[in-house]
Colleague: 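Just dropping this structure here.
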Amino acid sequence: MTDAFPATASKLGLYPVVDSVEWIARLLEAGVRTIQLRIKDCEDHEVEDAVREAIALGKQYRARLFINDYWRLAIKYHAYGVHLGQEDLDVADLAAIREAGLRLGLSTHDDAELDRALALRPSYIALGHIYPTQTKDMPSAPQGVVELKRHLARLHNVPTVAIGGISLARVPEVLATGVGSIAVVSAITQAADWRAATQQLLSLVENGIEPAEAV
Ligand SMILES: Cc1ncc(COP(=O)(O)OP(=O)(O)O)c(N)n1
Ligand SMILES: Cc1nc(C(=O)O)sc1CCOP(=O)(O)O
Ligand SMILES: [Mg+2]
């Protein structure tokens, strides 16, 4: 059996996914403790400064800072973790990520992807997309909360994250499935008042979760 990736918190709480160091800085300052830098379609050298700065901020705030896609840079600058999708799995050096002590989060969208993810023993598994999303072109249909709940039944011992089209109004329905974390992009970055939206999301999602362990 393959070695497991390092553990993360059993419930990751609110998990904003953002595309700049500026967003990372303002959300950490606002109290977010799980966060992802997601800058799409660049070469490593184009995003190296942003990745390094985001990781330094994550350490400063003792936050769980995940780097999407750029796993080599995440290793180089000792990120808390890396988030990879199914296509990324075809090219990433998972052994190098594990040996460097980074946590690994994996995207899944159906049973077959869940099978593949579970076999790799990641630190968490993300399930998407739950609702229609304007943020990313998705090849599949939204899975909805009934399917989400069915998938969660297979994941008792793995931290879980729901993503895709989750607005503030939809958070209670998603939390009711028992998922441990809610990842959002537009619910924060497109909000008329991102600060208020973040505080509302934090209190809804993290109410009742144990305070974060030291990172
Ligand atoms: C928390 C979380 N879940 C899913 C994704 C999607 O990752 P991926 O499938 O690699 O797609 P891109 O984000 O790279 O377009 C994510 N980033 N974060
Ligand atoms: C980046 C991403 N990954 C998804 C997946 O299902 O894997 S859905 C998604 C976009 C989520 O943005 P919003 O919260 O604005 O809908
Ligand atoms: Mg990816």
Side-chain angles (χ1 to χ4, degrees), residues 5 8-9 11-20 23-24 27 32-44 47 51 54 63-74 79-92 94 97 103-114 116-117 120 122-145 147-148 151-152 155 158-171 173-174 179-191 194 197-198 200-201 204-205:
F5 281 83
T8 188
K11 286 183 182 279
L12 286 164
L14 178 66
Y15 185 175
V17 175
V18 295
D19 64 0
S20 70
W23 272 115
I24 297 278
L27 290 171
V32 165
R33 287 297 172 268
T34 305
I35 194 160
Q36 182 186 125
L37 181 67
R38 176 179 181 265
I39 301 174
K40 291 305 296 178
D41 304 326
C42 290
E43 301 294 328
D44 279 17
V47 295
V51 169
R64 304 180 198 91
L65 186 287
F66 290 87
I67 299 296
N68 186 51
D69 293 349
Y70 305 101
W71 56 272
R72 287 187 189 81
L73 294 175
Y80 178 83
V82 179
H83 183 93
L84 297 178
Q86 298 279 322
E87 298 77 22
D88 306 314
L89 285 177
D90 299 335
V91 292
L94 298 183
I97 296 169
R103 286 83 183 166
L104 176 68
L106 293 180
S107 299
T108 68
H109 304 90
D110 57 31
D111 286 296
E113 293 186 0
L114 259 185
R116 187 183 189 197
L120 295 170
S123 311
Y124 74 78
I125 289 183
L127 302 112
H129 54 307
I130 309 303
Y131 303 101
T133 176
Q134 305 299 314
T135 302
K136 175 175 172 171
D137 286 337
M138 302 299 301
S140 52
Q143 60 177 274
V145 286
E147 188 71 349
L148 171 62
H151 285 144
L152 291 173
L155 301 173
V158 187
T160 51
V161 178
I163 187 168
I166 305 178
S167 60
L168 185 64
R170 287 168 164 161
V171 164
E173 178 180 55
V174 181
V179 75
S181 169
I182 291 197
V184 297
V185 180
S186 54
I188 288 177
T189 61
Q190 302 300 312
W194 69 265
T198 302
Q200 288 172 304
L201 285 162
L204 268 180
V205 178

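Atoms within each ligand, like the ligands themselves, are counted from 1 in listed order. All heavy atoms count here, side chains included; hydrogens, waters and symmetry mates do not.
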Colleague: With sequence neighbours left out, what residues match R72 under side-chain contact (heavy atoms from CB on, under 4.5 Å)?
Modeller: D44
Colleague: How long is the straight-line distance from CG of L148 back to CD1 of I163, given to the nearest 0.5 Å?
Modeller: 12.5 Å
Colleague: List, pair by pair, the atoms of ligand 1 and of the protein that are both N or O and lie under 3.5 Å apart, giving the separation rounded to 0.1 Å.
Modeller:
from	atom 1	to	atom 2	distance (Å)
ligand 1	7 (O)	H83	NE2	3.4
ligand 1	7 (O)	S107	OG	2.9
ligand 1	9 (O)	S107	OG	3.0
ligand 1	10 (O)	G85	N	3.0
ligand 1	10 (O)	D88	OD2	3.1
ligand 1	11 (O)	K136	NZ	2.6
ligand 1	13 (O)	R38	NE	2.6
ligand 1	13 (O)	N68	ND2	3.4
ligand 1	14 (O)	K40	NZ	2.6
ligand 1	14 (O)	N68	ND2	3.0
ligand 1	14 (O)	D69	OD1	3.2
ligand 1	15 (O)	R38	NH2	2.8
ligand 1	15 (O)	K40	NZ	3.3
ligand 1	15 (O)	K136	NZ	2.9
ligand 1	17 (N)	Q36	OE1	2.9
ligand 1	18 (N)	Q36	NE2	3.0

Colleague: Which atom names give the shortest non-hydrogen contact between P122 and A117, and what distance separates them?
Modeller: CD-O, 3.1 Å
Colleague: Give a yes/no answer: is there an N/O/S atom of D88 under 2.8 Å from the Mg ion (ligand 3)?
Modeller: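 It does; at least one qualifying atom falls short of 2.8 Å.
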Colleague: Determine, for D19 against K40, whether the closest basic-nitrogen to carboxylate-oxygen distance falls under 4.0 angstrom.
Modeller: no
Colleague: Are L73 and I67 packed together at the side-chain level, in the sense that at least one heavy-atom pair is separated by less than 4.5 angstrom?
Modeller: no
Colleague: In D69, which N, O or S atom comes closest to the Mg ion (ligand 3)?
Modeller: OD1
Colleague: Side-chain contact test, heavy atoms from C-beta onward, threshold under 4.5 Å: evaluate it for Y131 versus S167 and give yes or no.
Modeller: no
Colleague: Where the side chain of Q143 meets the backbone of G128, is there a donor-acceptor pair that is under 3.5 Å apart?
Modeller: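 Yes: the side chain of Q143 pairs with the backbone of G128.
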Colleague: Just the distances, no angles: every ligand 2 N or O to protein N or O pair closer than 3.5 Å, one line each.
Modeller:
from	atom 1	to	atom 2	distance (Å)
ligand 2	6 (O)	H109	NE2	3.2
ligand 2	6 (O)	H129	N	3.3
ligand 2	7 (O)	H109	NE2	2.8
ligand 2	12 (O)	T135	OG1	3.3
ligand 2	14 (O)	V185	N	3.0
ligand 2	15 (O)	T135	OG1	2.4
ligand 2	15 (O)	S186	N	2.9
ligand 2	15 (O)	S186	OG	2.6
ligand 2	16 (O)	T133	OG1	2.6
ligand 2	16 (O)	G165	N	2.7

Colleague: Can you find a pair of side-chain heavy atoms, one from L94 and one from L89, that are under 4.5 Å apart?
Modeller: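 L94 reaches L89 side chain to side chain.
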Colleague: Would you compute the distance between atom CG of L14 and atom CD1 of I182 and round it to the nearest 0.5 angstrom?
Modeller: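 So the gap between those two atoms works out to 8.0 Å.
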Colleague: Among residues at least two apart in sequence or on other chains, which ones pass ring pair (Phe, Tyr, Trp, His ring centres under 6.0 Å) with Y124?
Modeller: Y15, F66, H83
